[in-house]
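Convention: sequence-line order gives letters A, B, ...; per-chain numbering from 1. Computed from heavy atoms alone, side chains included, the values below leave out hydrogens, waters and symmetry copies.
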There are 4 protein chains.
Amino acid sequence: MKEITTDKRQAALEATLSLIAEQGFHATPMSQIAKKANIGVGTIYRYFSCKEELINELYLYVKQRMTESMMRNFKQDQSVQESFREVLKSIIRYAIEHPDELSFGEQYANSPLITQATKEHGGQIMEPIKGLFCRAQAENALKDLPQEVLLVLVSGAVLSLAKLYNFTGVPLDEERLCMETDAIWDMIRNREFVSSKA
Amino acid sequence: MKEITTDKRQAALEATLSLIAEQGFHATPMSQIAKKANIGVGTIYRYFSCKEELINELYLYVKQRMTESMMRNFKQDQSVQESFREVLKSIIRYAIEHPDELSFGEQYANSPLITQATKEHGGQIMEPIKGLFCRAQAENALKDLPQEVLLVLVSGAVLSLAKLYNFTGVPLDEERLCMETDAIWDMIRNREFVSSKA
Amino acid sequence: MKEITTDKRQAALEATLSLIAEQGFHATPMSQIAKKANIGVGTIYRYFSCKEELINELYLYVKQRMTESMMRNFKQDQSVQESFREVLKSIIRYAIEHPDELSFGEQYANSPLITQATKEHGGQIMEPIKGLFCRAQAENALKDLPQEVLLVLVSGAVLSLAKLYNFTGVPLDEERLCMETDAIWDMIRNREFVSSKA
Amino acid sequence: MKEITTDKRQAALEATLSLIAEQGFHATPMSQIAKKANIGVGTIYRYFSCKEELINELYLYVKQRMTESMMRNFKQDQSVQESFREVLKSIIRYAIEHPDELSFGEQYANSPLITQATKEHGGQIMEPIKGLFCRAQAENALKDLPQEVLLVLVSGAVLSLAKLYNFTGVPLDEERLCMETDAIWDMIRNREFVSSKA
DNA sequence: CATGAATGAGAATTCATTCAT
DNA sequence: CATGAATGAATTCTCATTCAT
């Protein structure tokens with residue numbers, strides 16, 4: 001009758017996310033997760049075979065939510081540079097609105113706890129950007145470096161920046177944000193290429 | 001004979017570094033560290049009061065080594081851009097030669113295990129760059145963004161790149177490395193400023 | 001339609017028997033029993049108040065089936081020795097045809113899990129033999145030892161033999177089986193008494 | 001200095017034996033074993049990798065003690081029948097003096113908890129009797145049945161009898177014990193063979 | 001009646017830390 | 001100083017049992 005117990009699986013994931021983000025995986029007992037999720041310890045094991053599976057599933061869950069969010073703010077009718085800027089902005093915004101997910105991602109993207117299988121299944125958060133990069137390369141707008149290098153440079157910079165926002169608590173200033181995303185754009189754009197904006 | 005104690009302390013740190021880099025902190029028992037360091041478990045406790053202190057000390061130890069390494073390849077008689085490029089290159093080289101330290105740094109820089117006190121005491125790896133940034137700002141070579149933003153953008157990009165090198169195992173190619181560091185430079189340099197090199 | 005409930009009860013008992021015989025009581029979860037019996041876990045609790053009651057009821061169930069089987073091959077018109085031999089043979093045959101029951105009996109006859117009450121209610125498997133023993137004693141055919149001692153010697157020997165058959169998988173050979181049962185008979189028969197057969 | 005902590009391993013085995021004999025393996029938590037043995041829970045794990053290994057080692061420990069005891073009361077300068085009787089008597093006496101070991105043996109000799117490897121390594125308790133059987137067969141004193149059958153008949157009967165003694169608490173009566181062992185001897189002896197005693 | 005999702009008490013096991021040698 | 005056997009608190013995970021559907 002009531003939807004209170006909507007989804008125990010999701011409750012477990014959310015509880016794990018927030019607890020792990022601030023305490024770390026191993027400092028977070030299953031009992032604490034259960035309590036925070038308002039479910040029994042045993043219930044967690046109905047949805048995840050063990051604690052490691054729980055965190056791997058959480059990894060996928062977070063990845064998917066980030067990616068979905070990025071896709072939403074994606075418009076096709078803009079110049080490459082503008083699209084790029086919008087994507088970065090939405091990453092920043094998302095990270096600020098979901099600091100736990102960023103923190104979780106930073107700590108566990110390179111952790112031995114996340115299996116190779118999970119990483120591969122999850123793909124890169126930056127996946128949606130790839131299409132944009134192809135378009136940009138077709139327009140000869142990018143530097144002559146392998147796409148994966150460009151991707152890594154951009155994601156490193158933008159996530160780093162997002163972390164800074166979260167850490168310092170500086171409120172978003174649209175103008176400054178533009179400068180920052182443009183800076184990142186400068187990193188990968190072909191110097192000879194005259195951007196439509198510049 | 002006097003150096004023996006230092007040796008044991010360092011042996012513990014090194015053993016911890018390599019084990020933690022591949023297994024994670026909590027999957028690495030003190031007994032395993034002791035075995036790898038060829039010392040007794042109890043001996044570790046003569047140098048570190050507990051496991052947490054051990055990892056915090058390791059954090060400082062790694063930070064210091066990275067910073068020292070960066071300082072070594074630092075020449076004052078170069079243009080800002082060239083100095084910058086050299087610094088980035090030495091970071092990359094160092095990371096490739098010491099993958100464990102990079103992996104450790106990535107995983108624990110944001111971990112709740114590293115106390116705030118340690119982070120502050122340790123300062124930023126990028127500390128030596130700050131002087132360079134001041135010089136560059138005096139020359140009006142940098143974008144008009146807060147220094148900490150520029151720092152964060154650069155460190156995010158370069159560490160990300162280093163990780164890529166480690167992960168793919170691509171051998172260093174001096175020419176490509178230059179393109180990459182220049183790209184990072186483009187991110188922070190003032191567009192209007194005509195670099196001495198360009 | 002009326003028999004359905006009996007069916008579920010029996011299905012639970014049979015599933016328990018086969019699972020416990022090979023895994024042991026505590027390595028056999030109720031959920032596994034339910035699955036094997038093709039009923040719900042909760043259903044088991046409609047027939048047995050708890051797991052311990054289940055195994056105690058199983059004990060009685062098995063005992064009864066063994067006893068019934070022994071009674072079937074019982075003819076009154078034979079000499080004591082021949083009757084005795086027939087009884088032992090039918091025990092052996094039964095054990096070979098129902099290895100799970102033998103295995104179960106062996107493991108739980110002495111287990112603290114089977115309550116004293118159950119053991120008493122169940123009586124001895126050898127119960128039907130008792131009448132035979134009385135007849136034999138009346139004929140002065142048995143050794144001058146307490147009946148319970150004779151009973152214990154016979155049951156120990158015959159069950160041990162049955163286990164050997166089950167374990168080695170040797171097929172039944174009527175002639176050898178006669179020699180074996182006669183050996184057991186020799187154990188309890190009065191040496192001075194001249195058997196009708198010999 | 002003090003021998004109080006003589007042997008923690010043995011203390012664990014003895015504690016396990018007495019607890020398991022009366023409660024069963026799964027009703028006996030490691031914590032209870034540790035308490036009874038006056039050692040820490042963790043200490044048990046220094047000597048046994050897991051609870052299953054503990055019980056398997058206990059099985060071997062008990063087997064060895066039983067066998068050793070049987071060997072002690074073994075004199076070569078007796079007739080086959082007398083030797084046989086002495087062996088059986090010493091089994092009975094041992095079982096009465098060590099009811100826990102008998103109870104343990106009965107419950108776990110056929111348990112899935114005892115691995116095949118352990119059973120094989122442990123050999124049969126009756127092993128020492130085998131030599132005696134060979135001697136007896138050479139003298140044509142035994143029935144024409146496979147040795148393993150004779151062995152199984154004897155061990156089944158004698159252990160069953162020992163259990164009866166333990167259960168009823170009847171004190172040992174030398175004369176009755178002789179009648180009982182002779183009865184068992186009658187089971188395997190060649191009827192045609194004129195025993196040296198009879 | 002039948003079901004099986006949910007529960008949490010309880011068990012096995014690990015591992016940081018101590019301390020007698 | 002160095003050691004590692006001993007310890008037990010803490011954690012993960014299982015599973016008998018309940019109860020809403």
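With respect to the salt-bridge test (charged N to carboxylate O, under 4.0 angstrom), the residues A:Lys163 and A:Glu101 do not qualify. Look at A:Glu22 and A:Lys36 and you find no salt bridge, because none of the NZ, NE, NH1 or NH2 atoms lies under 4.0 Å from a carboxylate O.
Here the P atom of nucleotide E:dT3 and the CD1 atom of C:Ile33 are 15 Å apart, to the nearest Å. As a whole-Å value, the separation of D:Ile55 CD1 from E:dT13 P is 13 Å. F:dT12 atom P lies 9 Å from atom NE2 of A:His26, rounded to whole Å. The separation between B:Glu53 atom CD and E:dT17 atom P is 10 Å, rounded to whole Å. Atom CZ of D:Arg9 and atom P of F:dA6 are 13 Å apart (whole Å). The distance between atom CZ of A:Phe25 and atom C1' of F:dT12, rounded to the nearest whole Å, is 10 Å. Rounded to a whole Å, the CG atom of C:Leu54 is 16 Å from the P atom of F:dC15. To the nearest angstrom, P of E:dC15 lies 13 Å from CG of B:Leu19.
Along DNA chain F, the nucleotide nearest to A:Ala27 and the one nearest to C:Val41 differ in position, and the one closer to the 5' end is contacted by A:Ala27. Comparing A:Asn38 and B:Thr28 by the nucleotide of DNA chain E whose heavy atom lies nearest to each, the residue mapping closer to the 5' end is A:Asn38. Residue D:Gly40 is the one, among D:Gly40 and A:Ser31, whose nearest nucleotide of DNA chain F lies closer to the 5' end (criterion: closest heavy atom).
Regarding contacts with the backbone of F:dG8, every side-chain N or O of D:Lys35 stays at 4.0 angstrom or more from both OP1 and OP2.
Between the side chains of D:Glu57 and D:Tyr47, no donor N or O sits under 3.5 Å from an acceptor N or O. Side-chain polar atoms of C:Tyr108 and D:Gln107 form no donor-acceptor pair below 3.5 angstrom.
Listed nucleotides: F:dT17, F:dT7, E:dA16. Nearest to the side chain of B:Met30: E:dA16.
In this structure, C:Leu17 CG and C:Arg65 CZ are separated by 7.0 Å, a value rounded to the nearest 0.5 Å. We find the CG-CD distance between B:Leu58 and B:Glu14 to be 8.5 Å, quoted to the nearest 0.5 Å. Note that CG of B:Leu159 is 6.5 Å distant from CG of B:Leu102, once rounded to the nearest 0.5 Å.
Contact between B:Phe104 and B:Tyr59 at its shortest, heavy atoms only, is CE2-CA, 3.7 Å.
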N/O donor-acceptor pairs under 3.5 Å from side chains in residues 26-34 of chain B, not counting sequence neighbours:
{"residue": "B:Thr28", "atom": "OG1", "partner": "B:Gln23", "partner atom": "OE1", "Å": "3.0"}
{"residue": "B:Thr28", "atom": "OG1", "partner": "B:Gly24", "partner atom": "O", "Å": "2.7"}

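Near DNA chain F, defined here as any heavy-atom distance below 4.0 Å, the residues from residues 42-52 of chain A are A:Tyr45, A:Cys50, A:Lys51, listed numerically.
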(request) Under 3.5 Å for both distances, Watson-Crick or G-U wobble, that's the pair rule; now give the dot-bracket for DNA chain E, with | marking pairs to another strand and [ ] for crossing ones. (result) .||||||||||||||||||||
